[in-house]
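So that the names make sense, note that chain A is the first sequence line, chain B the second, and so on, each numbered from 1.
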Amino acid sequence: MTIYSDPYASSRETTEGTVFSVTGGDWDSLVSEIGESKEERIIVNMGPQHPSTHGVLRLVLELEGETVTEVRTGIGYLHTGIEKNIEFRNWTQAVTFVTRMDYLSPIFNETAYCLAVEKLLGITNDIPERASVIRVLMMELNRISSHMVALGTGALELGAMGPMFFAFRDREIVLDAFEEITGLRMNMAYIRPGGVSQDLPAGMTVKIRDLVTKLRKNFEDNAKLLIGNTIWMKRTEGIGYLDLAGCTTLGVTGPVLRSAGLPWDLRKMQPYCGYENYEFDVITADTADVYGRFLVRMAELEQSLRIIEQAADKLDKLEGQPVMVADKKIAWPAQLALGADGLGNSLDHIREIMGSSMESLIHHFKLVTEGFRVPAGQVYVAVESPRGELGAHVVSDGGTRPYRMHFREPSFNNLQSTSAMSEGGMVADIIGAVASIDPVMGGVDR
Amino acid sequence: MSEDQKGMFGSSGTGDTSGYGGLVRLAASTGSTERPFGGYFDDVADDLERAYPDFADAITRVVVDRGELTLHIKKSRLVEVAFILRDTLKFEMCMGVSGVHYPDRTGAELVALYPLLSLTKNQRIRLEVATSELDPHIPSLVEVWAGNNWHERETFDMFGIIFDGHPGLTRILMPDDWDGHPQRKDYPLGGIAVEYKGATTPAPSNRRSYR
Amino acid sequence: MGLEDKLPSGILLSTVEGLAGYMRKSSVWPATFGLACCAIEMMALGSAPKHDISRFGMERFSASPRQADLMIVAGRVSQKMAPVLRQIYDQMTAPKWVISMGACASSGGMFNNYAIVQGVDHVVPVDIYLPGCPPRPEQLMDAIIKLHTLIGDTKLGPNREAIIKEVELAALNAKPTIQMTGLLAK
C-alpha cells in the first residue's frame, strides 16, 4: 500500500491493518502517510521499555492526531511472585521479600507487614515505645526520599532536568542516614515483627537534626525552580483531572485523593505506631490536577521534617529503652554490632548464648531455624505510604510460615485511573498524569 | 488448617525430631461471634440488617477477631449487599480483592475477600465470599466499585476465580498464554536447585519445613 | 603538558585495536533498561551529583536502543518481560555490551520461583555480572570501569577470530561447576 520504506523500520501488513515501526525522526513522514490513507485512528504502543513511563509499564494508546481517545494500561512486566514465595519462608524472613515490593518505600512495606503480624500475635500494645518512635522516624525519612524520586523523575519526564539533580542530591542525604542506621541504602529489612532489628547508633539524633536543617534549606531549590514557574504550570495545570467521585470509586488514595480536596490521611484518621502523638498537618489541594498533586507532595516534605524533629526529641528522652518486644519467644535474638569485618553478631551476645544462658541459646536457635508461630486468623492492616493506602492482608494457619499474604498496593489502584485521567487529552499529558500518580511498578506487579 | 495440630516443634519430611509432642494447637473456629461485637461493629450489623431484611439468609457468619469484622456472604447475594453497603452504609471505597485458597475446605476452597473502607464514618469491615474449585464463579463487583476491575483480574489470574459480569476478565500479571493459576496451593513454586561447586541448595519449596 | 608535547617530530604510532578500544570505551551510551530496585541505584549513579557517571560521558542514557552501546539490565526480569528484553538487545547495533546489575539479573537472586528468569544470561549474552541487592552506585561504577578495560582490550580482525576460537575451546573443555569439588570428596 505504501512507499514508506526504511531499512530498519518498515511497515508490514497484518490481519488488522498496516503496522508501522517508528524509530524517531520519521514521525512526520508516518503521519503524512496515514493522512493520505484516510485512516483516522493510530494505535501506538508505549512499550514496557520507555524512559518516561516510570518503570516497566505498557501503555497502548489510540490516537486521533494528538488527542488520545483510549488508553489501555498493560502491567505484569515485573511480576515477581513475592506473595507465593513468602508462603515458603518464615515470618521474619518474609520481611526481606516484602521490602522489595514497592522499592521506593521499603520501610512502609515492612511496617505494614510487621504491624499485621503483630496484630495477629496480639502484641501490638507490647511493642516498646522506642521501637515505635524509630519506626515513625524511618517512615518519614522514607517518605522524603520517595517524594524526591517522584518529583525528580516527574520533572525529568516533563522536560525539566534541573529538579532531578536537586532531588537526587537530597535523596542521597537521606540514604546516608539510612545507611548509618540500618546498614543499607535501600531494601533494608530493618523493621521486624516485634520491633526493629537494632537500635540507632550513638549520636544519631544529632545527625538527624543536622539533616533536617540541611534538607529544609535544600528543598528551597526545587521550590524556587518549579512553584510558580510558567512553563511548569502550563504543563501541569488542568492536566490529569480526577475529582473526588472518581477517586472513591476507583479506590484511589494518597496525594491523588488529597489533591481532590479530601483530607484523608491514615496517619490522622486511623493512627498507628503512635502517630496520634505527633503534630503535623494534612496537606490538601483543591484543583485535582497534576499541579495540585505536585504542591501536595512538596508540602508533605515539610510536614515530614516536622515529624522527624519531634521523633528525634522523643528518642532523646527514651534513650536506653529496648527496641524489641520483651517476649523472648518472638523477639529477634541477634544483637548486631559493627566489628572489624562489618556488621555481624555482637560478641557480647555470642558470649551470652554460648557461656551463660541456656535459654538464650535455645531461643536463638529455634527462632533462627524455625521461627515463631503465629496464632491462626486473618488481619488487614493499612499504613499511609507516600503513594496512598498500603494494606497488608495476612492469613495465618498457626504455623511458622504465612499461609497467605496479599498486599493492597496503592499504585495498583492509582494506576487504574490513568485511563480516566488521560482520555480526551493530548499525548504529552499522559506522561504528566502518570508522573503525578507516581506508580512504582514493583508494587503494582509484586 | 481445619483440624487441631499436635506437636510444638515438628518437621515433616526430614529426620529432625527435636522438641516434644505434648502441645496441641487448636484449629481456627468455624462459628460466628456472638453479640455484642464491640465498637462500631454492632452499629454496622444493625444498619445492614435494617437496610437488607434478608440479612440472616445472606450472611452466613459474622466473625469479629482481633478488632476486625468479617461478614461471610453467600455469593448469590453479594452484589445486592455490596450496593447497600456502598449507598446506605456509606462504605465508599473497596480496597481491592484478595484471594485465598484453602484446599482442605471441600466445597469452599477459593475465597475472595473485599476489605471495605468508609471515608465518612472512618470504619473498616471485610466481606468474605467462598466458592468451590469445581464451580469457581463469583459475581463481579466492578459496577459497585470500579476500582475492583484490576483486582478481579489479578484474582482470576492468580487463583482462577471467574468473576461473572466483569467487562474484560483476562490475565494481568502473568503472560496472556500462561497455563495454571500460580497462587493456588497445588501450583508449584517453580524454583530450581541452585548449583555451587560440588553441591546444590534445594529450591525453597523443597527445604526442611516446620509446621 | 601531556603526551602530545613529548612526541619528537609530532607523530604517534599506535595499533588500530588500541585506538578503536580507546575511542569505544570513552563514548559508551547506556540504554535505559531499569526494571526494579537496581534501576533506582542506576539513576542515583546517573544523576546524583555525589556519584557522577558523566565523568565517563555516560550520563546520556539513550532511550532508543539503536543509539545505545551498553545495556545495563537493572532489576528482576520476569517471564513477561524476557521477550521484550531480547527484542531491545536485538535492536541494539554492534558493538554492544551487557552488564547484568544486581543479584536478580545475574542469577534470579532471592526470587527462585515461577515468575522470574533465573539469570538474564538465559536471554542475552552478558559481559559483566554485578552482584548486590541492590549494588551501590560505587559498585556499578566499578563494574563500568571493568567493562571499559574489557572494551579497551577487545581484539579486532584476525586476532578477534583467534580469540573467539580460543575462548570457545576453553568453554567446551571447562569443568562444569558442580564437578569442581576441590578439597571436598573426590
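- Crowding of C:D90 atom CG: a count of heavy atoms from other residues, nucleotides or ligands under 6.0 Å exceeding 12.
- Of all heavy-atom pairs spanning C:K80 and B:M174, the tightest one is NZ-O, 3.8 Å.
- Here B:G190 is the residue among B:P204, B:G190, B:A203, B:S205 with the most heavy-atom pairs under 4.5 Å with chain C.
- Atom CZ of C:R160 is surrounded by 12 or fewer heavy atoms from other residues, nucleotides or ligands within 6.0 Å.
- Here the side chains of C:Q79 and B:W178 are in contact, with some heavy-atom distance below 4.5 Å.
- More than 12 heavy atoms of other residues, nucleotides or ligands lie within 6.0 Å of CD in C:E138, so this atom counts as buried by the packing criterion.
- Within residues 172-179 of chain C, the residues having any heavy atom closer than 4.5 Å to a heavy atom of chain B are C:T177, C:I178, listed by residue number.
- Using a 4.5 Å heavy-atom cut-off against chain B, the contacting residues of residues 100-136 of chain C are C:N112, C:N113, C:Y114, C:Q118.
- Under a cut-off of 6.0 angstrom, the local environment of CD in C:Q87 is sparse, with at most 12 non-hydrogen atoms contributed by other residues, nucleotides or ligands.
- In this structure, B:K185 places its NZ atom where more than 12 heavy-atom neighbours from other residues, nucleotides or ligands lie under 6.0 Å away.
- For residues 163-173 of chain B, the interface with chain C (any heavy-atom pair closer than 4.5 Å) comprises B:I172, B:L173, sorted by residue number.
- Identified by a heavy-atom distance below 4.5 Å to chain C, contributing residues of residues 68-90 of chain B are lacking entirely.
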